[in-house]
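One structure is given below, encoded as structure tokens.
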Amino acid sequence: MKKRQRILITGCVQGVGFRPAVFKIAEALGLYGFVYNDTKGVTVELQGGEEKIAEFLVRLRGADKPPMAEIKSCETVDIAVVEDENQFIIKASDSEGAALSQVTADMIVCGDCLAEMGDKNDFRYGYPFINCTNCGPRYSIVKNIPYDRTNTTMTAFEMCEKCAAQYTDVTDRRFHAQPVACGKCGPKIWLTDNKGKEVKTQTDEVITEAARLLLDGKIVAIKGIGGFHLAVNALDEKAVKRLRERKRRDHKPFAMMACSIEKIKQYADVSELAEKELRSPQCPIVLLPKKDNSDIAESVAGGVNTYGFMLCYAPLHYLLFDKDIEVLVMTSGNMSDEPLICRNSLALERLGTVADAFLMHDREIYRQVDDSIVHIVDGRPVLLRRARGYVPTPIVTGKKCGQDIFAAGGDLKNTFCFTKQNQLICSEHIGDLEDAEVYHHYIGSIEHLGRLFEIEPKITVCDLHPGYLSTQYASSLPEARIIKVQHHWAHIASVLVEHELEGPVIGLSADGTGYGTDGAIWGCECLVASLDDFERFGHLAYYPLAGGDKASKEAIRPLVGLLKQTYGSDFETDKFRWLFERIEPDGIKKAQVISGQIERQINTVETSSLGRVFDAVAAMVGLGSYNHFEAQLPMALEAIIASGVEEHYDFELVKGGGKPLKIDLTKMVKQLISDIQEGEGSGIISAKFHNTIAVALLEMAKKARESKKLETAALSGGVFCNRYLTNRLIKLLKKSDFSVLFNRDVPSNDGGISLGQAAIAVNLVNRKQ
Ligand SMILES: [Zn+2]
Ligand SMILES: [Zn+2]
């Protein structure tokens with residue numbers, strides 16, 4: 001029987017080759033009608049036999065779904081049959097308005113393109129920029145909307161006849177693939193020395209020579225999709241060390257790239273889930289447990305128990321690895337914490353003293369986008385850095401907001417977020433705003449993303465911290481109404497919105513620092529929180545922290561604060577001379593100065609920071625005294641945990657007479673110190689410490705449940721990037737019948753703050769309307 005149906009499909013369905021896929025299936029089944037993008041997703045009208053229409057839906061959801069598409073919902077309604085229709089067409093867009101998200105994330109090269117690149121008979125054989133509708137760069141090359149070739153950096157290249165024919169053929173895999181190109185008409189690669197002098201220009205020679213240099217222990221800057229990488233042979237200790245020295249002050253573990261899962265398995269444990277993430281179209285760096293005695297150079301990732309691996313994702317990577325390369329360090333092409341470099345001239349200027357050679361190309365990268373990082377927590381993939389492959393894909397919610405909102409994020413690991421209708425559009429990882437260039441990049445990125453999504457925010461939301469640059473920027477915006485949101489509340493709100501909940505829940509939020517409503521620096525909080533409001537139910541007992549910015553770097557500062565808190569008037573620096581001198585040669589002198597600062601309240605704050613407690617414990621067990629990068633000491637402490645330790649230290653929950661409940665770690669600190677004095681292994685001490693924090697948070701959550709009759713615990717904050725602690729806490733909570741929520745699409749560190757801010761603002765606006 002002939003009938004007509006209107007089908008509304010939502011999810012990630014725009015800019016991923018969805019309409020051509022719909023077209024092809026409809027044609028094959030002899031169905032008439034049309035398809036177009038609209039503000040909700042994709043709308044299809046189909047006319048034909050009932051069975052054929054049913055088959056259409058099966059194929060669209062199954063075998064014929066474009067690889068990058070994700071169907072969230074599919075609503076069908078029967079409508080009146082239209083006479084005189086005899087074809088299926090793709091309509092440009094809904095007459096009621098343009099599509100919402102025209103720009104999609106950068107995608108890894110697809111299998112079809114890889115096969116063509118390896119096929120001697122294909123006209124794109126060996127071409128490093130092969131792409132199609134299902135793959136290739138997007139966000140990184142877009143300058144403006146609409147998403148047409150003229151608004152991308154590919155406008156510099158005029159398509160040859162062959163490319164143009166594919167681009168305009170609706171049945172072709174390259175129909176309207178904006179970056180389509182070939183060796184004749186498209187971008188090219190070349191190799192230069194570190195002064196920019198061309199060494200090789202013929203594609204195959206460039207690749208061969210670059211690979212030779214890498215195997216020879218040289219450092220090669222490679223221009224990729226979202227910016228430059230600094231590459232070096234990861235099996236060559238001397239070479240990796242040289243890269244570390246030249247990159248200056250960089251102690252962070254380096255990420256690595258390999259061309260197959262089998263190769264990665266030689267060096268790291270790859271679970272089934274981790275393999276799925278590695279192979280996903282977003283192709284993030286996945287943190288994997290190190291295998292013992294692997295051949296990876298020691299300097300790649302000292303002081304942590306994981307390797308960060310990703311698979312090749314650009315065609316160029318595959319061509320390079322084809323020349324007998326095993327595994328490469330592929331670290332961001334920048335100096336320390338500056339923004340990723342994406343322009344050829346700037347690369348030569350800034351990285352000329354680091355790299356021995358440059359593998360350049362002339363496809364301009366308009367937006368630099370870092371590699372994303374994923375790790376596995378509680379048997380699920382969780383983002384640690386959300387950038388390439390994920391941005392600017394919006395997080396879609398059930399609630400629509402009548403006003404555009406800008407959420408400024410936090411100052412560390414900054415991201416910002418826009419809201420438009422029912423979409424929350426988070427920026428890529430921007431970085432730490434205290435670096436002047438990162439801040440400049442932040443401003444530029446806000447303008448750019450706002451333009452791409454046509455957002456004109458009248459409401460701005462930012463952190464409560466008056467000293468945050470993001471707060472100051474938000475305050476400087478003209479005509480904007482400002483909402484200020486407490487840091488840890490934003491963390492918990494990010495979890496709520498990801499699960500489409502409003503709360504209240506028991507929010508366990510733990511991190512380094514966040515400005516509190518009482519002016520203290522909060523850091524380990526139990527908030528009974530909803531999107532409407534929060535109550536501070538409990539927190540880690542305050543301890544004094546001296547030294548401002550230095551306090552998050554020098555572990556001796558929180559240590560002195562904790563000791564003073566623990567021993568009260570009995571505390572004398574001399575009694576702990578052995579401990580301070582174990583940490584630093586002149587530790588005792590430093591401790592005396594810090595102790596004096598605290599007594600006179602010079603540059604001293606009260607804090608419940610949990611991150612700083614990790615710093616202090618790491619220093620006490622001899623893992624160093626300085627965070628060269630954020631969370632270096634806590635990561636080192638996690639890395640040495642002895643397995644199979646179930647014990648924990650003692651602690652107390654202290655009632656505060658109408659005030660929040662407090663976690664008092666006095667007993668723990670004393671027991672931990674006596675463990676050290678008795679020569680207990682640092683791996684066991686570390687395990688007992690982690691276990692203590694997990695149990696303390698569990699007990700706090702139980703008290704909140706008793707008092708508030710809530711069953712759901714939501715976890716967020718940078719401390720929960722610690723896999724051991726988080727896995728253990730989630731297990732304990734579940735065992736005690738809590739339902740547990742955790743971040744999923746945004747990082748639990750400060751990279752998720754902007755999403756939480758945005759969610760709270762949306763809720764506020766909707767409530768007032
Ligand atoms: Zn492709
Ligand atoms: Zn061409």
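One-based numbering along the sequence shown. First listed ligand is number 1; within each ligand, the first listed atom is number 1.
- Under a 4.0 Å N-O distance rule, the pair Asp106/Arg138 does not qualify as a salt bridge.
- At the Zn ion (ligand 2), the vertex angle linking SG of Cys160 with SG of Cys163 is 110° (nearest 10 degrees).
- Between Phe34 and Tyr36, the ring planes are parallel. Angles under 30° get that label, and only those over 60° would be called perpendicular.
- Remark: at the Zn ion (ligand 2), atom SG from Cys185 and atom SG from Cys182 enclose 110°, rounded to the nearest 10 degrees.
- Salt-bridge annotation for Glu275 and Lys265: present, with a side-chain N of the basic residue lying under 4.0 Å from a carboxylate O of the acidic one.
- The pair Lys276-Glu272 fails the salt-bridge criterion, with no side-chain N (NZ, NE, NH1 or NH2) lying under 4.0 Å from an Asp/Glu carboxylate O.
- Rounded to 10°, the angle formed at the Zn ion (ligand 1) by Cys110 SG and Cys132 SG is 100°.
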